[in-house]
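First up is the structure itself, then whatever we jot down about it.
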Amino acid sequence: QAQLVESGGGLVQPGGSLRLSCTASGFTLDINTIGWFRQAPGKEREAVSCASPSDLSSYVADSVKGRFTMYRDNVRNTVYLQMNGLQPEDTAVYYCAADRGSLTAHTLCTSFPSPRYWGQGAQVTVSS
């Protein structure tokens, strides 16, 4: 069964760092456009970062630019979200997603509401 499994969430103090992992099974991530999204309580889902295969196109939300970095490890069939300089407003459930590689990163992040694959979500809480 094809699926995405996330790990790495947790509680961190403001200014701290976390790395989320999203590992695919049953399909190959490197030929898919992938992304990270988040949803805070009472708010709509927000795109964080997306990338097409071989990073030919990429998208990073203004709210995380310069602090969050998404990257792939094709050997491990895994995509990561490195989050530095975390702030309380980054508190949310974070989801990874993937769909066909013909999608641009911008499309997946901004105008494609139902990617084929979703992770189960990872809670990130930033609090002192």
Side-chain angles (χ1 to χ4, degrees):
Q1 181 180 357
Q3 59 179 349
L4 293 170
V5 177
E6 299 180 41
S7 61
L11 172 66
V12 64
Q13 292 186 341
S17 298
L18 279 176
R19 188 181 74 166
L20 301 179
S21 301
C22 173
T23 300
S25 60
F27 71 103
T28 304
L29 267 182
D30 66 354
I31 60 172
N32 283 269
T33 296
I34 55 175
W36 287 95
F37 300 80
R38 67 186 181 184
Q39 188 162 20
K43 295 187 177 181
E44 292 188 355
R45 189 180 72 197
E46 174 189 19
V48 175
S49 185
C50 295
S52 63
S54 300
D55 296 335
L56 289 178
S57 67
S58 62
Y59 172 94
V60 181
D62 287 341
S63 58
V64 305
K65 202 166 288 184
R67 300 187 298 125
F68 291 12
T69 303
M70 182 178 74
Y71 60 99
R72 305 176 192 244
D73 183 335
N74 292 333
V75 173
R76 291 181 168 81
N77 209 24
T78 297
V79 59
Y80 300 94
L81 183 67
Q82 177 66 45
M83 304 182 291
N84 299 327
L86 283 159
Q87 300 300 322
E89 54 266 34
D90 296 317
T91 295
V93 178
Y94 284 70
Y95 300 89
C96 60
D99 208 300
R100 61 188 185 275
S102 58
L103 290 172
T104 67
H106 188 270
T107 297
L108 181 65
C109 261
T110 66
S111 57
F112 200 77
S114 299
R116 182 175 181 182
Y117 304 106
W118 280 103
Q120 82 280 13
Q123 176 69 48
V124 172
T125 303
V126 185
S127 175
S128 55

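The basis for the numbers below is simple: all heavy atoms, side chains too, and nothing from hydrogens, waters or symmetry mates.
- Under the 3.5 Å distance criterion, the side-chain polar atoms of Asn77 are matched with a main-chain donor or acceptor of Phe27.
- Between Arg67 and Leu86, the closest heavy-atom pair is NH1-CA, 3.9 Å.
- Put simply, the side chain of Asp73 never gets that close to the backbone of Thr78: no donor and acceptor are under 3.5 Å apart.
- Judged purely by atom type and a 3.5 angstrom limit, Arg45 has no side-chain atom pairing as donor or acceptor with the backbone of Tyr95.
- Applying the disulfide (SG to SG under 2.5 Å) definition to pairs two or more places apart or across chains, those involving residues 71-123 are Cys22-Cys96, Cys50-Cys109.
- Defined by atom type and a distance below 3.5 Å, a donor-acceptor pair is missing between the side-chain atoms of Asp99 and Thr33.
- Distance alone, capped at 3.5 Å, places no donor-acceptor pair between the Thr69 side chain and the Gln82 backbone.
- Taking the six-membered ring where tryptophan is involved, the planes of Phe68 and Tyr94 are tilted, since the angle between them lies from 30° to 60°.
- Counting only heavy atoms from C-beta outward, the side chains of Val48 and Met70 never approach each other to under 4.5 Å.
- In this structure a side-chain-to-backbone donor-acceptor pair under 3.5 Å is missing from Ser21 to Glu6.
- Closest approach of Gln87 to Pro14, counting heavy atoms only: OE1-CB, 4.4 Å.
- Within the 4.5 Å cutoff, the side chain of Val79 has no heavy atoms near those of the Leu4 side chain.
- Remark: side-chain polar atoms of Ser58 are not paired, donor with acceptor, to backbone N or O of Ala51 under 3.5 angstrom.
- Sequence neighbours left out, not one pair with a member in residues 55-93 passes disulfide (SG to SG under 2.5 Å).
- Side-chain contact between Thr91 and Gln123 is present, with heavy atoms from C-beta onward closer than 4.5 Å.
- Counting only N and O atoms by type, the side chains of Glu89 and Ser63 include no donor and acceptor under 3.5 Å apart.
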